[in-house]
Protein chains: 2
Amino acid sequence: MSGKKASKREKVSTASRDAGAHPATAFSERLAPLLDLAAEQFAEHGFEGASYNAMIERVGLSKGVAYHHFRDKADLFRAVVSRAIEPLPSAIGDWNDVETADAFWSQTEQMVERAMGAMAGNARTAALLRMAARSPGAMAEAFGAYEPAFTAPLIHALENGRRVGAVRDDLPVELLAACSIGLGSALDRWLAQHGADLGPRRMRTLATQSLSLFEQMLAPPQATRSRSRSKK
Amino acid sequence: MSGKKASKREKVSTASRDAGAHPATAFSERLAPLLDLAAEQFAEHGFEGASYNAMIERVGLSKGVAYHHFRDKADLFRAVVSRAIEPLPSAIGDWNDVETADAFWSQTEQMVERAMGAMAGNARTAALLRMAARSPGAMAEAFGAYEPAFTAPLIHALENGRRVGAVRDDLPVELLAACSIGLGSALDRWLAQHGADLGPRRMRTLATQSLSLFEQMLAPPQATRSRSRSKK
DNA sequence: GACGAGCTAGACCATCGGTCTAGACTACCA
DNA sequence: TGGTAGTCTAGACCGATGGTCTAGCTCGTC
């Protein structure tokens with residue numbers, strides 16, 4: 001809860017510059033160990049709990065260098081998030097509008113598989129998930145610039161699903177998107193927690209079957225067993 | 001990331017003692033302002049972001065008193081959580097086993113309404129939700145002692161639902177419990193964010209309709225429209 | 001009255017995130 | 001060659017943080 005000094009300089013983070021514009025990437029190479037360690041520390045301790053001072057010391061940089069390249073701790077967090085997120089949209093691919101409910105779920109499954117493929121065995125995205133779980137506030141701020149790249153396509157797909165009768169239209173599409181993300185997160189967490197107890201075979205089966213949770217949740221109510229609402 | 005001193009005393013938090021054992025509750029009265037402020041600050045800034053020093057100063061206690069009554073900051077957090085959670089299980093009531101799917105969902109709806117009633121207009125539980133959203137790690141630790149009181153009844157109810165055909169049995173019941181909680185959290189967050197834009201009438205309608213998200217997600221797959229899984 | 005237990009205030013401490021200054025290095029210009 | 005400006009760097013410095021500890025006060029017991 002420290003007050004900010006009135007004389008704080010307006011500082012542009014050098015790590016946020018387009019590295020491609022520089023023929024020499026020496027500073028990028030020197031910063032990679034810091035980014036790697038930051039991902040690990042933020043994942044383990046959360047944004048606030050991870051010590052920037054300790055990280056700086058551990059990778060052998062000076063505070064002057066660190067604060068020259070990253071404006072502040074949040075800027076470092078953003079850089080870590082950015083590095084992990086950037087490859088994902090292209091790996092998942094774009095949604096192609098479909099004409100039937102079957103095609104809707106078929107394409108959904110393929111995209112989910114591509115997303116899981118892009119994330120499997122990737123230390124950066126594994127850390128990203130843990131960072132998000134530990135520091136939702138910091139992640140929301142860091143993720144802000146990327147959110148349109150994820151949420152808009154999801155909403156677009158849900159709207160396509162509505163047109164072909166795969167997705168319910170009795171609730172706002174934004175609510176459905178939020179619930180899908182919430183359900184997905186809960187599922188990821190559970191599978192991550194219990195993955196070691198289950199064998200790879202069982203994990204694979206559960207991951208496949210779990211798609212039906214989304215399918216059923218999102219299905220139009222008429223397509224499911226109807227039950228009269230009890231009036232108490 | 002500060003190292004703990006080796007000579008740290010093993011200290012029992014006085015605020016955690018059974019206050020009913022003391023005829024005089026003077027210390028409880030003096031601590032209430034601190035607990036109230038803590039709830040507010042933790043909800044707004046999260047566990048790490050809220051300053052214990054600033055809180056202590058603001059309610060006019062000395063550090064000696066504060067650390068005498070609460071072992072550390074986490075202990076204060078636990079006390080705030082404890083105070084908010086304690087009345088909930090009895091307000092929600094116990095699950096009574098049912099014989100039909102209709103009765104299952106009827107009782108579920110009643111319990112959900114009782115839970116929402118217990119939480120409505122209650123500053124403590126409102127803060128609790130925000131604390132959970134902001135500091136999932138700290139909340140998981142503080143909530144640990146209470147988790148059995150919430151999760152076990154949910155699992156028990158889901159198992160009853162399985163026996164009467166209301167709940168699927170193709171996925172582990174623990175997974176279903178986690179997904180229900182995750183979906184509920186996502187829904188709460190969305191409604192809290194967008195409640196101001198919607199009128200009370202629309203909110204009421206959405207809250208009612210949203211129950212069908214759970215119902216459909218949890219329903220046995222045979223009860224829903226079947227689709228052959230696409231093999232890519 | 002002496003002693004011990006409990007309670008209290010606030011000085012003290014190491015660590016934190018962030019600021020700032022002095023110095024080194026390089027390139028450019030007269 | 002010397003002077004100047006810009007960039008980069010190390011690390012001293014600073015206020016705020018969570019937590020520790022000491023001295024002193026009060027009360028109850030013997």
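Reminder, nothing fancy here: chain letters follow the sequence lines and each chain counts from 1.
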Quiz item: Do you know which two heavy atoms are closest between A/A186 and B/G182, and how far apart they sit?
Solution: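 For A/A186 versus B/G182, the nearest heavy atoms are CB-CA, 3.6 Å.
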Exercise. Consider the side chain of A/K73, meaning its heavy atoms from C-beta on, and name the nucleotide among D/dG18, C/dG17, D/dA10 that approaches it most closely.
Key: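 Selected nucleotide: C/dG17.
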Quiz item: Are the ring centres of A/Y52 and A/F70 closer than 6.0 Å?
Solution: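 So the answer is no for these two rings.
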So does [X] get a side-chain nitrogen or oxygen closer than 4.0 Å to the phosphate oxygens (OP1/OP2) of [N]?
X: B/H68; N: C/dT8; result: no
X: B/N53; N: D/dA16; result: no
X: B/K63; N: C/dG10; result: no
X: B/S51; N: D/dT17; result: yes
X: A/H69; N: D/dT9; result: yes

Just how far, in rounded Å, is [atom2] of [N] from [atom1] of [X]?
X: A/I56; N: D/dG11; atom1: CD1; atom2: P; answer: 13 Å
X: A/D72; N: D/dA16; atom1: CG; atom2: C1'; answer: 17 Å
X: A/F42; N: C/dG17; atom1: CZ; atom2: C1'; answer: 12 Å
X: A/Y52; N: D/dA16; atom1: OH; atom2: C1'; answer: 19 Å
X: B/F77; N: D/dG19; atom1: CZ; atom2: P; answer: 14 Å
X: A/L61; N: D/dA10; atom1: CG; atom2: P; answer: 7 Å
X: A/L76; N: C/dG18; atom1: CG; atom2: P; answer: 10 Å
X: B/R71; N: D/dG19; atom1: CZ; atom2: P; answer: 10 Å

Self-check item: Geometric class of the B/F47/B/F77 ring pair [parallel <30°, tilted 30-60°, perpendicular >60°]
Solution: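 Rings of B/F77 and B/F47: perpendicular, over 60°.
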Quiz item: Are any of the side-chain nitrogens in B/D197 or B/R202 under 4.0 Å away from the carboxylate oxygens of its partner?
Solution: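 The answer is no: the pair does not qualify as a salt bridge.
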Quiz item: Got a second to check how far A/Q41's CD is from A/L34's CG, nearest 0.5 Å?
Solution: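 Reported value, rounded in 0.5 Å steps: 10.5 Å.
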